[in-house]
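Below is one structure; the comments refer to it alone.
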Amino acid sequence: MTSKQLSLLAVLAAFCAAGRAVTGVGLLFLQPTMFLVEITGFVFGARAGFFVGAATPLVSNFFMGQGPWTPWQMLSWGLVGASGGLLKVLFPRAGNGLLTVACFCWGYLYGALMDLWHWSVFVRPLTLKTYFLTWLAGFGFDSLRALGNLLFCAALGQQTKKILEYFHRKMVVEYVEGL
């Protein structure tokens, strides 16, 4: 990875963290970040998507509150970005529709992963029934997050993808010319 690529990914991670920190306090479901992490993974690959995703809660939690949940958030957000890279491998010409569906699904998957952390730390006994009840308790928030992801990706996903693809092409050309 070149220094320009790393710089761009750091800026994307900072942008995601800022979007999460600014909107995350009062409007938990209207965070213009998860779709950007997904599209970053789609355009730049799974490793880059994981990096941007994992850095997002690490940085934003300095403003929202660090805690033992932060590594779980980093893993979950990182998986969002990595899944974008996987979508690119499986569906290289995927349009905004598939990315929007993936972002919608990640609204629920992210909640299920974070519920796993909550369940394993705070709930006893650890049974499938208690996990299901934990998941059910957060289903409303997960639904709002999924809806927010759907709205942001549907409205801004195509243009965001075009912008990131432009920068990706530009960096690839500069890298090849430097060889």
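Everything quoted here is computed from the prediction, not taken from an experiment. In this chain, numbering begins with 1 at the start of the sequence shown.
Every residue meeting the side-chain contact (heavy atoms from CB on, under 4.5 Å) condition with Leu164, not counting sequence neighbours, appears here in chain and number order: Leu12, Leu36, Ile39, Thr40, Val43, Phe44, Thr160. With sequence neighbours excluded, the residues satisfying side-chain contact (heavy atoms from CB on, under 4.5 Å) with Trp135 are Ala112, Asp115, Tyr131, Phe132, Phe139, Asp142. Partners of Leu90 according to the side-chain contact (heavy atoms from CB on, under 4.5 Å) rule, which considers only residues two or more places apart in sequence or in another chain, are Leu86.
Leu98 and Ala94 make their closest contact through CD2-CB, 3.5 Å (heavy atoms, listed as atom of the first residue, atom of the second, distance). Summarising the geometry of Phe51 relative to Ala10, their closest heavy-atom pair is CE2-N, 4.2 Å, with the distance given to 0.1 Å.
With rounding to the nearest 0.5 angstrom, the SG atom of Cys105 is 10.0 Å from the CG atom of Leu150. Taken to the nearest 0.5 Å, the CD atom of Gln31 stands 10.5 Å off from the SG atom of Cys16. The distance from atom CZ of Phe35 to atom OG1 of Thr100, rounded to the nearest 0.5 Å, is 9.5 Å. The CE atom of Met74 sits 12.0 Å away from the CG atom of Leu79 when rounded to the nearest 0.5 Å. Atom OG1 in Thr134 sits 13.0 Å away from atom CE in Met114 (nearest 0.5 Å). Taking NZ from Lys161 and CG from Asn96, the interatomic distance works out to 7.5 Å, rounded to the nearest 0.5 Å.
Taking 4.5 Å as the limit, some side-chain heavy atom of Trp77 sits within range of a side-chain heavy atom of Thr33. Proximity of Leu75 to Leu113: side-chain heavy atoms (C-beta onward) are nowhere separated by under 4.5 Å. Side-chain atoms of His118 and Trp72, non-hydrogen and from C-beta on, never get closer than 4.5 Å to each other. Annotation: side chain of Met34 is not in contact with side chain of Arg20 (no heavy-atom distance under 4.5 Å). Side-chain contact between Arg124 and Thr130 is absent, with no heavy atoms from C-beta onward closer than 4.5 Å. For the pair Leu116/Trp119, a side-chain contact is recorded, criterion being any heavy-atom separation below 4.5 Å from C-beta on. Side-chain atoms of Cys153 and Glu38, non-hydrogen and from C-beta on, never get closer than 4.5 Å to each other.
Within a 6.0 Å radius of CZ in Phe15, no more than 12 heavy atoms belonging to other residues, nucleotides or ligands are found.
Judged by distance alone, the side chain of Asn61 and the main-chain N or O of Gly67 form no donor-acceptor pair under 3.5 Å. Of the possible polar contacts, one joining the Asn149 side chain to the Cys103 backbone as a donor-acceptor pair under 3.5 Å is found. Not one N or O on the side chain of Thr70 forms a donor-acceptor pair closer than 3.5 Å with the backbone of Gln66.
Cluster membership for Leu58 and Val37, using ILVMFWY side-chain heavy atoms within less than 4.5 angstrom, is not shared. Under the 4.5 Å side-chain heavy-atom criterion for ILVMFWY residues, a single connected hydrophobic cluster contains both Leu126 and Trp117. With hydrophobic clusters built from ILVMFWY side chains whose heavy atoms lie under 4.5 angstrom apart, Val11 does not share a cluster with Leu9. Both Leu6 and Val52 belong to a common hydrophobic cluster when Ile, Leu, Val, Met, Phe, Trp and Tyr are linked at side-chain heavy-atom distances under 4.5 angstrom.
Checked against Tyr108 for a ring pair (Phe, Tyr, Trp, His ring centres under 6.0 Å), the options Tyr110, Trp106, Phe104 give a single hit: Phe104.
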